[in-house]
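In what follows, a structure is listed as structure tokens, so that the remarks can point back to it.
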Amino acid sequence: MSSKPLVIVTRKLPDAIETRMMELFNVRLNNEDVPLTQPQLVEAVKTADVLVPTVTDRIDAAVLSQAGERLRLIASFGTGVDHIDLASARQRGITVTNTPGVLTEDTADMTMALILAVARRLNQGERLIRSGKWQGWSPMGMLGHRIHGKRLGIVGMGRIGSAVARRARGFGLSVHYHNRRRVNPQLEQQLEATYWESLDQMLSRMDIISINCPHTPATYHLLSARRLKLLQPKAYIVNTARGEVIDENALMRMLEKKEIAGAGLDVFEHEPAINPKLLKLDNVVLLPHMGSATLEGRVDMGEKVIINIKTFVDGHKPPDRVIESML
Ligand code: 8YV
């Protein structure tokens, strides 16, 4: 690869990141920040040496089948890589990197914010004030549920799940988790976390469920209609991972019928489209995929992207290579 590779960045990134990229690479930026269409993405993979996509770009087999010989690296801006067809990339010898670690704390914060918001009805309280209809305090006004002393079941005990567990202890929640593999005993002890090999059994015994696993073929609709039915009517569910992990229609039906107490959703199965029925429900808190949305986080993510590209261009293995078998 020439010393100044053509790097195509699909969305607007923080100024400091774009400036540094311009110093290091021959960059094509997206100043208008309008997401690329599929034909524009095809055009990008035909010409770029390095593509820097985000979660809003669908880098599927059809796009990758048209990639030019020059495309050697997809340095994704984000941790989740479910928007990239990894098998096709591997077949074509294209390296894929992501930005793990730097959005862990922000996403865990947002998870706790959603747990509190849904259990303590923050959205409803805020709406009441803004409606001008608040008549003042009353003993039975705006009653939610205490989270202290409740059981939190974390689905996916990776970096973010562990960071949620650490916070949850501070809020007096008992921590339970289900993961493909049990985490090491030291970590389990440190987090005071109880492992449930059976997701079904864990679901049926928890007060709050937090989804913190990646979306992969194995976790698509992991929270299926059948599994959601295992939740108790008092249970809350929050999702800061990926909408596809929950069968959203089934969840919505249960929320409508009050078969579970509420949900806090930062991600959606067909985002940015939101099922209109969800908008009508009072017992849900809905956020526009902002779990990692801090300026600090975005800069850290950008720096990781730059390190991955620079290392690759210099002929070394970039630090954040995504290996399919890790997922
Ligand atoms: C990112 C995310 O903002 O990193 C992830 O997996 O879901 C988000 O928090 C987004 O992916 C950027 O591409």
Side-chain angles (χ1 to χ4, degrees), residues 7-14 17-18 21 29-30 33-36 41 44 50-60 63 73-86 89 96-114 155-156 158-164 210-220 222 238-246 248 264-274 286-309 318-324 326-327:
V7 176
I8 299 187
V9 183
T10 65
R11 301 297 299 267
K12 174 91 187 82
L13 302 184
I17 297 303
E18 293 190 339
M21 281 183 166
L29 299 171
N30 180 354
D33 198 32
V34 179
L36 269 53
L41 269 179
V50 178
L51 182 73
V52 179
T54 75
V55 68
T56 56
D57 303 302
R58 194 159 40 82
I59 319 288
D60 56 17
V63 169
L73 174 66
I74 298 175
S76 196
F77 182 88
T79 301
V81 285
D82 52 334
H83 54 297
I84 303 170
D85 186 328
L86 295 178
V96 177
T97 60
N98 64 346
T99 63
V102 291
L103 34 73
T104 305
E105 304 303 328
D106 295 326
T107 309
D109 285 345
M110 195 57 94
T111 304
M112 287 313 299
L114 276 177
V155 180
R159 287 188 193 85
I160 298 174
S162 305
V164 171
S210 173
I211 307 298
N212 297 107
C213 61
H215 165 219
T216 68
T219 65
Y220 174 77
L222 184 65
V238 300
N239 189 1
T240 49
R242 283 291 183 272
E244 291 90 334
V245 179
I246 303 181
E248 195 173 280
L265 306 175
D266 185 45
V267 285
F268 302 89
E269 207 174 326
H270 305 289
E271 63 182 63
I274 307 288
L286 307 171
L287 296 178
H289 196 148
M290 55 193 271
S292 70
T294 66
L295 181 57
E296 294 86 342
R298 294 287 181 256
V299 170
D300 291 347
M301 288 160 78
E303 277 168 3
K304 270 200 163 261
V305 167
I306 290 173
I307 291 168
N308 282 318
I309 301 174
D320 304 310
R321 292 186 314 284
V322 176
I323 320 275
E324 263 174 276
M326 283 178 355
L327 295 173

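Since this is a predicted model, take the numbers as computed values, not measurements. When a ligand or atom number is given, it counts from 1 through the structure's own listing order.
Listed for the D266 side chain is a donor-acceptor partner under 3.5 Å among the backbone atoms of H289. Under a 3.5 Å cut-off, the side chain of T216 and the backbone N or O of A218 do form a donor-acceptor pair. Judged by distance alone, with hydrogens and angles left aside, the side-chain atoms of N308 form no donor-acceptor pair with the main-chain N or O of A75 at under 3.5 Å.
With a 4.0 Å cut-off on non-hydrogen atoms, R298 touches ligand 1 through its side chain and not its backbone.
By the 4.0 Å heavy-atom criterion, H289 is counted among the residues contacting ligand 1.
The number of heavy atoms from other shown groups lying within 6.0 Å of CZ (R159) does not exceed 12.
Under the side-chain hydrogen bond (donor to acceptor under 3.5 Å, both in side chains) rule, K304 has a single partner from T79, N98, D320, which is D320. With N212 as the fixed residue, the side-chain contact (heavy atoms from CB on, under 4.5 Å) test singles out one of T240, V245, V155: T240.
For ligand 1, the atoms closer than 4.0 angstrom to any heavy atom of T54 are 13 (O). Listed by atom number, the atoms of ligand 1 under 4.0 Å from L103 heavy atoms are 4 (O). Of all atoms in ligand 1, numbered sequentially from 1 with element shown, those under 4.0 Å from a heavy atom of G80 are 4 (O), 5 (C), 6 (O). The ligand atoms of ligand 1 that sit less than 4.0 angstrom from a heavy atom of S292 are 1 (C), 3 (O), 8 (C), 9 (O). Near R242, meaning under 4.0 Å from any of its heavy atoms, are these atoms of ligand 1: 2 (C), 5 (C), 6 (O), 7 (O), 11 (O). Interface of F77 with ligand 1, defined as ligand atoms under 4.0 Å from a residue heavy atom, comprises 12 (C), 13 (O).
Proximity annotation for atom 5 (C) of ligand 1: of V55, D82, T79, T79 comes nearest, heavy atoms only.
Summarising the geometry of A163 relative to E105, their closest heavy-atom pair is CB-OE1, 4.1 Å, with the distance given to 0.1 Å.
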